[in-house]
Amino acid sequence: MPQPLQIILASPRGFCAGVNMAIESLDLAIQAFGVPIYVYHEIVHNKYVVESFRRRGAVFVDRLEEVPPKSYLLFSAHGVSPEIRRIAKERQLVAIDATCPLVTKVHLEAIRFAQAGFTIVLIGHEGHDEVIGTMGEAPQAIVLVETPEDVDRLDIVDETKIAYLTQTTLSVDDANRIIARLQSRFPQIQGPPKEDICYATQNRQEAVKRLVREVDVALVVGSQNSSNSQRLCELAQEAGCPAYLVDGPEEIQAVWFDGARTVLVTAGASAPEVVVERCLHHLQETFGAVLDERVIRPEEVSFPLPRELRNLQKVAPTR
Ligand code: SF4
């Protein structure tokens, strides 16, 4: 009789403190203020989460012109530029700011360097909501790089006043390669006082790196537009392990497990545990898989709710 498939379940995985805070904020805002509640961009980059809130009456918009004046508007965990805050004010929207404090930290570093006359090299992915928000803090002072080759093409006027910052959800290894290239080209470059890639991104990547050696295939639960989920999948693939990013059990293909004896299951920082559980259940039902959870690093981080919601926390009725 063949051995059943063994699931190695990575911990930490799934929701980080910023995502928890953003989701709780929207939940509380819906309870307290009713619907529609408008959300600038997706609250977090996860299909299941966004669809669940859409069914409850949240309206996700990419342009503030779509929001009727004086409506409630929530800024997502990825943060926004000052220009978006200005437009929200102009339209008399009641803004609730669920930006992750670790994204705000990068914004503040950008402001500080820009005010001191530095050119800021932001390492990140073009078009990502977080990058758009951070660049909006000092558009004249920030240039974006995505690869070490981009560093070679930089044209910096004053090489004594240059600093770098990074998106919070990058691959630690990719970012280090780009930082090394920056430091070699611009020896005087300054960095953030404490690194910008957040604890949740680092911990989930560390867990994959440590556990992927033991498995034949890896499953990452998360959405295609989730940067940190994509990075987990790439990390497993770079280690030579076939890896797949799935939004739920319906996307899992039996052929991926042909000849496999072990599978690593993890989840990006915006993927809910309920979807992880459904995937585990599917693997158990289909392959008689057995579960082995491995805690690589305990996590006990939490962030306070946005100022605008703190007093509501105790009084909001539940529906
Ligand atoms: S992934 Fe990191 S920066 Fe992004 S919301 Fe979570 S804790 Fe904040």
Side-chain angles (χ1 to χ4, degrees), residues 10-28 39-50 53 60 74-81 96-110 122-125 127-137 164-175 192-209 220-235 245 266-273 275-276 296-306 309:
S11 176
R13 64 178 176 279
F15 280 5
C16 59
V19 164
N20 262 327
M21 178 275 289
I23 287 175
E24 197 185 341
S25 298
L26 183 51
D27 181 51
L28 199 57
V39 185
Y40 185 62
H41 296 323
E42 294 190 334
I43 177 76
V44 297
H45 286 153
N46 184 269
K47 223 181 198 175
Y48 177 93
V49 172
V50 168
F53 277 119
F60 297 92
L74 200 121
F75 295 138
S76 78
H78 303 107
V80 294
S81 67
I96 300 162
D97 188 358
T99 303
C100 174
L102 300 181
V103 173
T104 302
K105 165 185 166 289
V106 183
H107 282 226
L108 296 176
E109 287 160 351
L122 178 65
I123 306 169
H125 298 294
H128 189 278
D129 293 342
E130 182 188 322
V131 165
I132 293 169
T134 306
M135 292 191 78
E137 292 290 357
Y164 73 83
L165 299 173
T166 77
Q167 188 180 330
T168 56
T169 50
L170 297 181
S171 147
V172 174
D173 294 341
D174 288 351
K194 193 172 171 288
E195 59 195 328
D196 292 330
I197 297 180
C198 76
Y199 79 95
T201 300
Q202 296 200 32
N203 290 350
R204 281 150 192 70
Q205 288 181 16
E206 183 192 0
V208 168
K209 263 191 181 172
V220 179
V221 180
S223 290
Q224 292 295 333
N225 62 344
S226 160
S227 170
N228 76 87
S229 305
Q230 285 278 9
R231 303 294 83 77
L232 294 177
C233 204
E234 287 168 8
L235 201 60
L245 180 60
T266 185
S270 46
E273 187 65 10
V275 181
V276 176
I296 298 299
R297 192 173 289 277
E299 248 179 29
E300 283 173 18
V301 182
S302 64
F303 294 139
L305 285 168
L309 294 174

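Starting from 1, each residue takes its place in the sequence as its number. All ligand and atom numbering here is 1-based and tracks the order in the structure.
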When you check the gap from the basic side-chain N to the acidic O, do Arg231 and Asp174 get nearer than 4.0 Å?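 No.
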So, for Leu170 and Ile123, which heavy atoms are closest and what is the spacing to 0.1 Å?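 The answer is CD1-O, 3.4 Å.
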Of all residues at least two apart in sequence or in a different chain, which pass the salt bridge (Lys or Arg N to Asp or Glu O under 4.0 Å) check with Glu206?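 By the salt bridge (Lys or Arg N to Asp or Glu O under 4.0 Å) rule, Glu206 matches Arg210, Arg297.
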Partner residues of Glu42 under the salt bridge (Lys or Arg N to Asp or Glu O under 4.0 Å) criterion, sequence neighbours left out: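 Not a single residue meets the salt bridge (Lys or Arg N to Asp or Glu O under 4.0 Å) criterion with Glu42.
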Residues that His41 engages under ring pair (Phe, Tyr, Trp, His ring centres under 6.0 Å), provided they are two or more places apart: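 In terms of ring pair (Phe, Tyr, Trp, His ring centres under 6.0 Å), with neighbours along the sequence ignored, His41 is linked to no residue.
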Taking only protein atoms, how many N, O or S atoms are found under 2.8 Å from atom 8 (Fe) of ligand 1?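 Total protein N/O/S atoms under 2.8 Å from atom 8 (Fe) of ligand 1: 1.
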Could you tell me if Thr99 and Asp97 have a donor-acceptor pair between their side chains, going purely by distance under 3.5 Å?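 Present: a donor and an acceptor within the cut-off.
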